[in-house]
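Read the structure below first, then the notes.
Residue numbers start from 1 in every chain, and the chains themselves are labelled A, B, ... in the order their sequence lines are given, proteins ahead of strands.
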Number of protein chains: 2
Amino acid sequence: MPKAYEVIADDLRGSIRSGEREPGDRLPSEADLALRYRRSVPTVQNALRLLSDEGLIDRRHGLGTFVRRPRTPAVRDNLRHQWEKDRARRPLAARAETGATEHDTGLRADDLVFHAEYREEEASGELADVFGVPEGTVLLRRVFRTRYSAERAPFSLVTSYLVRDMIAANPGLLDETKEPWPGGTQHQLHTVGIELDRVEERFTARPPTPEEAEALDLPPGTSVILLRKTSYDTGGRVVEVSFVTLPGDRTELRFTTRLERW
Amino acid sequence: MPKAYEVIADDLRGSIRSGEREPGDRLPSEADLALRYRRSVPTVQNALRLLSDEGLIDRRHGLGTFVRRPRTPAVRDNLRHQWEKDRARRPLAARAETGATEHDTGLRADDLVFHAEYREEEASGELADVFGVPEGTVLLRRVFRTRYSAERAPFSLVTSYLVRDMIAANPGLLDETKEPWPGGTQHQLHTVGIELDRVEERFTARPPTPEEAEALDLPPGTSVILLRKTSYDTGGRVVEVSFVTLPGDRTELRFTTRLERW
DNA sequence: GAGTGGTCTAGACCACTGT
DNA sequence: CAGTGGTCTAGACCACTCC
């Protein structure tokens with residue numbers, strides 16, 4: 001027994017995939033669709049909700065239902081880590097010129113709004129484990145948001161942790177008003193004699209929580225990519241851990257693995 | 001004005017996040033919830049659908065609604081590429097011992113069911129571009145599925161493309177019955193004198209299409225990770241392109257970037 | 001058979017958008 | 001203002017699971 005709302009959804013999905021309805025096109029109103037398919041309005045709404053959850057349509061209150069346009073993604077490339085490392089030893093002027101977000105998005109620094117918030121915090125079991133320090137060790141927790149000035153939502157939600165004693169030799173590193181720091185975290189670490197050896201990134205994807213959907217301004221039918229970045233110094237010590245939440249519909253992660261020659 | 005179904009969803013979500021309801025717990029029936037919140041059954045259902053889409057609960061027809069247990073993820077590590085490369089020059093017995101999926105999941109070869117399907121196909125504009133060959137060049141399209149014998153759904157959907165003329169020197173590479181090939185694609189390429197130099201991987205995430213949800217047996221409230229892998233040989237030529245669809249709720253990708261020393 | 005979630009109806013009212 | 005999607009109701013019937 002084919003379900004009525006699936007029949008409707010399948011039909012509309014087909015008309016979108018086939019190109020019969022193009023991105024930006026308006027679908028008939030719910031009432032019209034109900035008439036056309038000889039079903040009640042709530043049944044039509046069930047079908048539309050399905051398509052909205054799949055990310056195929058946008059339902060805009062008071063306006064209508066539209067075929068969604070794909071958003072062009074920002075690329076986050078793992079070559080950025082080497083780029084940041086190279087930049088960390090360059091003069092101030094060069095470091096101040098462009099940051100990592102400009103690198104990813106191709107936007108200019110003038111177009112970006114930066115926000116940072118520092119707080120000290122005692123290491124929980126999990127974080128203490130990762131850093132290899134006793135539970136309760138004081139960490140510096142740094143929250144970063146960067147957004148395009150013309151948009152409300154940031155590109156990502158970033159929470160970064162450092163061990164306070166590891167960086168306290170330079171008091172400027174404990175001061176959030178010094179952000180955005182020219183040269184970024186790798187330069188900050190450089191000022192206290194830390195050189196990175198490698199960066200490990202782990203990620204998964206899932207639907208956003210309501211809080212994430214709100215913070216990143218995500219429509220229904222999008223996913224978030226959760227990225228956990230761990231940075232190791234040349235002594236094999238974990239020196240930074242950060243948690244990054246990225247909007248799945250506009251983020252592309254790119255990784256290159258070089259192989260040893262035979 | 002707080003919406004009724006959101007009030008209910010918020011309340012239930014809170015009781016799950018706080019740990020008051022634990023994974024595996026059964027929620028009250030829809031009718032009970034309707035009574036408790038003094039709302040109609042469809043309104044309660046709206047709230048439950050929201051939580052189901054967030055991946056917090058499982059609604060099982062005829063049984064009830066349960067707090068979802070997180071699935072333990074399979075890890076896909078970029079070190080696998082070097083591991084596969086090293087393995088490609090080892091003797092047959094060593095290559096046959098374990099494959100890439102065993103490497104990722106920790107399962108034994110006996111527990112895995114492998115499926116492969118080959119087909120020849122003319123290169124479309126996009127693929128011709130990537131390979132740097134004229135449109136219409138004959139490609140070998142290979143579809144792979146590997147699943148745990150105790151489960152219905154495969155770990156991933158893989159479609160891999162090779163340029164036919166590049167590998168035709170070894171006719172065995174055109175024969176799907178030779179799969180699973182001990183040593184995998186890197187060994188296959190090795191038999192025709194191709195050595196990989198680097199692998200580039202790009203990822204995005206989005207909700208599954210109905211077809212993907214069906215093929216990977218994905219419950220509502222999960223995402224898929226889309227991976228496009230491009231392999232380059234030591235001459236800088238693109239020798240393989242593959243498209244991989246991974247279930248977001250049980251896949252963790254891990255990527256290590258080594259940095260040059262100062 | 002009892003209890004559960006899944007679907008559907010017909011109609012009401014509200015909130016938002018553009019003119 | 002008219003037209004759109006968003007929410008909600010009260011109740012019906014169906015399909016599934018377990019006993």
query = Is there a side-chain polar atom (N or O) of Thr43(B) under 4.0 Å from OP1 or OP2 of dT7(D)?
reply = no
ask   = CG of Asp58(A) versus P of dC16(C): gap in Å, rounded?
value = 18 Å
ask   = Given that Glu30(B) and Pro42(B) both sit by DNA chain C, which one's nearest nucleotide is further toward the 5' end?
value = Glu30(B)
task = Name the closest nucleotide to the Lys3(A) side chain, picking from dT9(D), dG18(C), dT7(C).
result = dT7(C)
query = So does Tyr5(A) get a side-chain nitrogen or oxygen closer than 4.0 Å to the phosphate oxygens (OP1/OP2) of dC8(C)?
reply = no
ask   = How close or far is atom C1' of dT7(C) from atom CD of Gln45(A), stated in whole angstroms?
value = 14 Å
query = In whole Å, what is the span from the CG atom of Asn46(A) to the C1' atom of dA10(C)?
reply = 15 Å
ask   = Charged N to carboxylate O below 4.0 Å: is that the case for Glu30(B) and Arg59(B)?
value = yes
ask   = So, is Arg59(A) close to the dG6(D) phosphate, meaning a side-chain N or O under 4.0 Å from OP1 or OP2?
value = yes
key: Phe203(A) ring center near Phe255(A) ring center (under 6.0 Å)   = yes
inquiry  = For a quick check under 3.5 Å, do Arg142(B) and Thr185(B) share a side-chain donor-acceptor pair by atom type?
reply    = yes
message = It should be established whether Thr65(B) places a side-chain nitrogen or oxygen under 4.0 Å from OP1 or OP2 of nucleotide dT4(C).
response = no
ask   = Is the closest side-chain heavy-atom distance between Ile8(B) and Asn46(B) below 4.5 Å?
value = no
request  = For Arg49(A), answer base if it contacts any base atom (sugar-phosphate contacts may also be present), sugar-phosphate if it contacts only those atoms, and nothing otherwise; contact means non-hydrogen atoms under 4.0 Å.
outcome  = nothing
message = I'd like to know if Glu126(A) and Arg228(A) make a salt bridge, using a cut-off of under 4.0 Å between side-chain N and carboxylate O.
response = yes
key: Earlier contact from the 5' end, DNA chain C, for Glu6(A) and Gly62(B)   = Gly62(B)
ask   = Counting side-chain heavy atoms from C-beta on, which of dA10(D), dG5(D), dT4(C) comes nearest to Ser29(B)?
value = dT4(C)
ask   = How long is the line joining CG of Asp53(B) and P of dG6(C), in whole Å?
value = 12 Å
inquiry  = Would you say Arg39(A) places a side-chain N or O within less than 4.0 Å of OP1 or OP2 belonging to dC8(C)?
reply    = no
request  = Give the rounded distance in Å between these two atoms: CG of Leu63(B) and P of dA15(D).
outcome  = 17 Å
ask   = What is the distance, rounded to the nearest whole Å, between atom OH of Tyr37(B) and atom P of dT9(D)?
value = 14 Å
message = Heavy atoms only, 4.0 Å cut-off, all strands: where does Ser40(A) land among base, sugar-phosphate and nothing?
response = base
note = Winner on side-chain proximity to His61(A), out of dT4(D), dG11(D), dA10(C), is dT4(D)
query = Quick one: Leu35(A) CG to dG5(D) P, roughly how many Å, whole number?
reply = 13 Å
query = Atom CZ of Phe66(A) to atom C1' of dC16(C): distance rounded to whole Å?
reply = 13 Å
